[in-house]
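Ligands are counted one by one from 1 in listed order, and the atoms in each one are counted from 1 as well. Just the heavy atoms: all of them, side chains too, but no hydrogens, waters or symmetry mates, feed the values below.
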Amino acid sequence: MLPFRPAPSWLADAVLYQIYPQSFADANGDGIGDFAGIAAHLDHLAWLGVDTVWINPCFASPMRDAGYDVSDYLTVAPRYGTDDDLADLVERARRHGIRVLLDLVAGHTAVEHPWFRAAADDPSDHRYVWADADPLPSGFVASPGTRPGGYLPNYFDFQPALNFGYARPDPAEPWRQPVDAEGPRANRRALRAIMDHWLTRGISGFRVDMASSLVKDDPGKKETARLWTELRGWLDEAHPDAVLLSEWGDPAVSVPAGFHGDFFLQFGGATDGGPLRSLWNTGTGTDRDEWDPVPCYFGAAGKGSFAGFAAAYAEATEAIGEPGHIALPTSNHDFSRLACAPRDAAQLPAAYAFQLTWPTLPAIHYGDEIGMRYVPGLPDVEGSVLTPRYNRAGSRTPMQWDDGPGAGFSTAPPERFYLPLDPDPARPSVAAQRRDPGSLLHTVRELIRLRRTTPDLGSGSPVRVHNDGYPLVYSRGEHHLVVVNPSDRTATAPLPDPAHARATRLIGEGVTVGPDGISAGPFGYAVLRH
Ligand code: NOJ
Ligand code: CA
């Protein structure tokens with residue numbers, strides 16, 4: 001028997017779209033995106049065919065980590081509008097057939113949160129991981145209040161870890177509390193109350209930030225998994241149509257723990273995000289010294305390997321079984337966009353042909369549908385720069401709606417924009433690509449339409465890889481064959497089945513299929529029916 005209810009059926013067909021609210025559309029001219037701006041562009045999302053958006057944290061915050069430092073989980077940040085504006089957005093989205101997920105920052109708050117302010121002055125408060133020790137243990141940050149000792153941060157120093165306990169005691173670290181101590185229990189109740197608050201206001205679930213980080217010193221994440229299992233049990237009863245998608249990067253662990261789905265990410269799992277990076281990472285955008293500079297599969301040189309991703313996908317699906325999902329993002333606010341040098345616009349249709357026909361749930365980061373690029377060299381805005389080679393701002397620039405001076409993002413003077421626009425005079429825009437039937441935007445839309453009208457191409461039908469070199473060749477279900485050549489030279493593969501020679505092309509460019517085999521020109525792709 002499954003430990004959980006099956007995921008709500010809508011999730012299996014979902015095409016996700018990520019909105020970074022400060023960068024999407026500014027309706028009131030202050031240079032920062034807002035809820036009214038998102039509401040004004042729901043037509044674009046409905047036209048594109050996405051049906052589930054997730055919005056990065058939009059709650060009250062000092063914004064030192066762009067909203068991932070929450071000071072009040074139950075009130076929205078004024079720069080985005082009011083709680084009523086959010087409710088209005090959710091309702092309008094619903095009328096467009098679009099569900100809204102919010103971002104639950106489960107592992108930490110801002111130091112400005114009233115819970116933390118109280119804890120910093122009260123040695124009997126256990127909402128945070130606090131060591132009343134002198135000298136401070138390594139990794140702890142000195143108390144800003146009257147309380148002695150210090151607290152454990154979860155990410156930046158100004159993001160104190162909420163106390164969900166430790167999986168095991170350590171006599172040398174007397175501050176460790178068990179997972180069922182009073183502070184951890186209060187925090188679990190709080191998570192439930194926060195979720196309930198927003199779910200009763202019409203949202204359809206959450207993307208959960210750093211979902212694996214809750215219980216400390218937790219080998220195999222067993223106690224963290226128990227915590228999510230408990231919350232999923234509650235969710236199944238209280239909000240059975242809602243979903244939880246984790247930022248964990250290890251579906252084999254997070255989905256059995258209770259998440260309806262998890263993202264393949266640039267980190268997480270046995271190889272620290274190896275599977276996703278082996279597809280996309282060009283090494284020129286957000287990059288870490290400890291990451292091996294392996295050529296990515298979606299690279300013009302044709303030097304990458306698909307095998308690592310395919311193996312990780314097979315292993316994860318095996319572990320999660322029927323009811324769970326893996327989401328595959330084009331990029332997100334933390335790592336490079338698909339259009340990241342040297343990968344350019346010409347290479348993107350092939351990448352999308354893969355991303356939108358693989359059985360993972362596709363997630364499109366705003367702007368990737370027109371091939372907005374990762375913009376290098378931007379200033380540190382609200383914690384975007386992690387290291388000199390890891391600047392997240394490049395994936396957070398204002399959405400390019402039209403070809404006007406503010407790109408249709410905002411009427412504010414450019415110096416007041418949340419982040420600078422891409423300065424490239426040839427930067428793509430939604431308006432220009434809408435007018436051009438051959439544009440990436442139209443290709444992405446057509447691929448989404450095909451996916452949503454063709455059960456073989458959805459998340460529920462089997463995939464079989466026939467060729468994992470260049471070109472990539474795989475079957476979906478009974479009747480569909482996908483050919484993708486991310487390289488800049490013609491690549492050939494044998495025909496998996498003689499019946500494929502008579503296949504009809506549903507979408508594509510540069511691919512021929514005949515009795516002699518498959519030939520895919522530079523950056524060619526095709527979805528075929530046989
Ligand atoms: C992951 C989020 O995606 C990232 O943007 C944030 O800085 C950290 N978690 C801390 O919350
Ligand atoms: Ca605004």
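By the 6.0 Å and 45° rule, Arg232 stacks over the aromatic ring of Phe4. A cation-pi arrangement is not found for Arg288 relative to Phe335, the charged atom failing to lie both closer than 6.0 Å to the ring centre and inside a 45° cone about the ring normal. Both the sub-6.0 Å distance and the 45° axial angle are not jointly satisfied by Arg389 relative to the ring of Trp291.
Contact residues of ligand 1 (protein heavy atom closer than 4.0 angstrom to a ligand atom; sorted by chain and number): Asp65, Tyr68, His108, Tyr155, Arg207, Asp209, Met210, Glu247, His333, Asp334, Arg392, Arg396.
In this structure, Tyr297 has its ring center at least 6.0 angstrom away from the ring center of Phe354. Under the 6.0 Å cut-off for aromatic ring centres, Tyr128 and Phe116 qualify, their centroids lying closer than that.
Between His239 and Asp196, the side chains place a donor N or O and an acceptor N or O closer than 3.5 Å (distance only, hydrogens not considered).
Side-chain contact between Ile326 and Phe263 is absent, with no heavy-atom pair separated by less than 4.5 Å.
Tyr366 and Thr397 make their closest contact through OH-O, 2.7 Å (heavy atoms, listed as atom of the first residue, atom of the second, distance).
Each of Asp69, Asp65, Thr109 was scored for a side chain to side chain donor-acceptor pair (under 3.5 Å) with Gln159, with one residue passing: Asp65.
Shown are the protein N/O/S atoms under 3.0 Å from the Ca ion (ligand 2), given by residue and atom: Asp26 OD1, Asn28 OD1, Asp30 OD1, Ile32 O, Asp34 OD2.
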